[in-house]
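Below is one structure, written out as structure tokens, with a few remarks after it.
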Amino acid sequence: MSADVSIRPLREEDAPVLFESVRESMDELSVWMPWCHSEYSISEARDWIGTKISAFEARDEFHFAIILGEGQLAGVCGLSGIQKGNRLANLGYWVRTSLARRGIATAATRLLADWAFQNTKLNRLEILVAVRNHPSLRVAAKAGAVWEGVLRGRLRHQEEMYDAVMFSMLRGDR
């Protein structure tokens with residue numbers, strides 16, 4: 001599957017497909033993603049993309065559309081929480097439900113790590129996953145990230161605290 005997966009910076013015209021992808025994946029995303037809620041709207045998709053395009057241009061964050069085949073938007077991956085002084089960032093990903101479990105997120109994670117180490121001074125990429133988010137745990141491991149340990153009470157979602165697994169990818173690992 002990985003030969004059919006690519007990533008590219010988000011574009012304003014991605015908003016309708018992004019919105020559709022989020023709405024399709026609401027049940028799966030809302031469990032783990034604080035921004036995903038039942039009233040999620042097309043204007044939120046447009047605003048989010050606009051913010052991420054500006055952040056990309058400022059080199060504050062780097063978010064990409066995950067593309068399957070000749071142009072189907074399969075999901076989003078990105079680097080956020082960048083600490084320039086420590087040369088680290090958080091790496092995140094999600095794939096729409098109808099395309100899940102096909103290796104797309106794993107391929108996109110590898111592509112994003114390669115992009116980060118070729119185009120930035122980042123040395124460490126962290127992937128933080130709730131311990132009960134089994135699909136995302138599998139993606140991180142299959143992408144080659146190293147399991148570092150469990151951080152107790154590290155993630156908050158809907159006023160509940162979750163333990164999370166910390167994975168990392170280092171520049172020298174690639």
Side-chain angles (χ1 to χ4, degrees), residues 1-2 5-7 10 18 21-22 24-38 40 48 52 55-56 60-68 73-174:
M1 176 58 70
S2 62
V5 177
S6 61
I7 61 173
L10 289 165
L18 176 65
S21 299
V22 170
E24 170 194 309
S25 307
M26 187 66 60
D27 290 342
E28 293 77 17
L29 287 174
S30 63
V31 176
W32 307 113
M33 305 295 190
W35 54 264
C36 187
H37 57 89
S38 60
Y40 186 82
W48 185 81
K52 298 310 170 191
F56 196 107
D60 291 331
E61 293 186 4
F62 303 99
H63 290 273
F64 295 83
I66 301 171
I67 303 299
L68 183 60
L73 192 144
V76 174
C77 62
L79 302 171
S80 62
I82 295 173
Q83 296 179 24
K84 293 177 183 177
N86 290 318
R87 294 189 176 181
L88 71 86
N90 179 63
L91 188 154
Y93 45 80
W94 67 269
V95 171
R96 69 187 299 162
T97 300
S98 61
L99 297 174
R101 294 180 170 78
R102 298 185 190 186
I104 296 168
T106 300
T109 298
R110 289 178 182 144
L111 290 168
L112 180 56
D114 289 343
W115 182 91
F117 295 137
Q118 291 169 14
N119 294 282
T120 73
K121 292 182 179 182
L122 293 170
N123 186 62
R124 177 182 169 89
L125 305 177
E126 296 180 344
I127 303 173
L128 191 63
V129 182
V131 296
R132 296 188 323 207
N133 186 345
H134 301 290
S136 192
L137 291 170
R138 283 192 299 274
V139 167
K142 287 182 178 182
V146 174
W147 173 302
E148 293 189 344
V150 176
L151 305 178
R152 298 179 308 137
R154 176 59 174 81
L155 295 174
R156 182 178 68 85
H157 181 52
Q158 297 177 352
E159 301 310 317
E160 188 173 342
M161 299 306 297
Y162 293 92
D163 293 351
V165 176
M166 173 65 76
F167 291 88
S168 69
M169 301 172 105
L170 299 179
R171 179 179 293 275
D173 294 342
R174 306 296 304 155

Residue list, salt bridge (charged side-chain N to carboxylate O under 4.0 Å, His left out) with D60, at least two apart or on another chain: K84
Taking all non-hydrogen atoms of both residues, which atom of P135 and which atom of R101 are closest, and how far apart? CG-NH2, 3.9 Å
If I compare all heavy atoms of I104 with all of L68, which pair ends up nearest, and what's the gap? CD1-CD2, 4.0 Å
Rounded to the nearest 0.5 Å, what separation is found between the OG1 atom of T106 and the CZ atom of R138? 9.5 Å
Please list, chain by chain and in numerical order, all residues satisfying side chain to side chain contact (heavy atoms under 4.5 Å, CB included) with A105, sequence neighbours excluded. Y93, V95, V139
For the residue pair L111 and S6, what are the closest heavy atoms and their distance? CD1-CA, 3.8 Å
State whether the side chain of R110 and the backbone N or O of K142 hold a donor-acceptor pair below 3.5 Å, judged by distance alone. yes
What distance do L10 atom CG and L73 atom CG have between them, rounded to the nearest 0.5 Å? 7.5 Å
All side chain to side chain contact (heavy atoms under 4.5 Å, CB included) counterparts of S168, not counting sequence neighbours: R124, V146, E148
Distance-minimising heavy-atom pair for A89 and L79: CB-CB, 4.3 Å
Closest non-hydrogen atoms of G144 and M169, given as atom of the first, atom of the second and distance, are C-CE, 4.4 Å
Please list, chain by chain and in numerical order, all residues satisfying side chain to side chain contact (heavy atoms under 4.5 Å, CB included) with E160, sequence neighbours excluded. R132, Y162
Separation between CE (M166) and CD1 (I127), nearest 0.5 Å, reads 10.0 Å
Atom pair CZ (F167) and CG (L137), whose distance is rounded to the nearest 0.5 Å: 5.0 Å
Rounded to the nearest 0.5 Å, how far apart are CG of L18 and NZ of K52? 11.5 Å
How close do G92 and L112 get, heavy atom to heavy atom, and via which atoms? O-CD2, 4.4 Å
Applying side chain to side chain contact (heavy atoms under 4.5 Å, CB included) to A164 and not counting sequence neighbours gives L128, R154, L155
Please identify each residue that fulfils ring-ring contact (aromatic ring centres under 6.0 Å, His included) with F62, with sequence neighbours left out. F56, W115
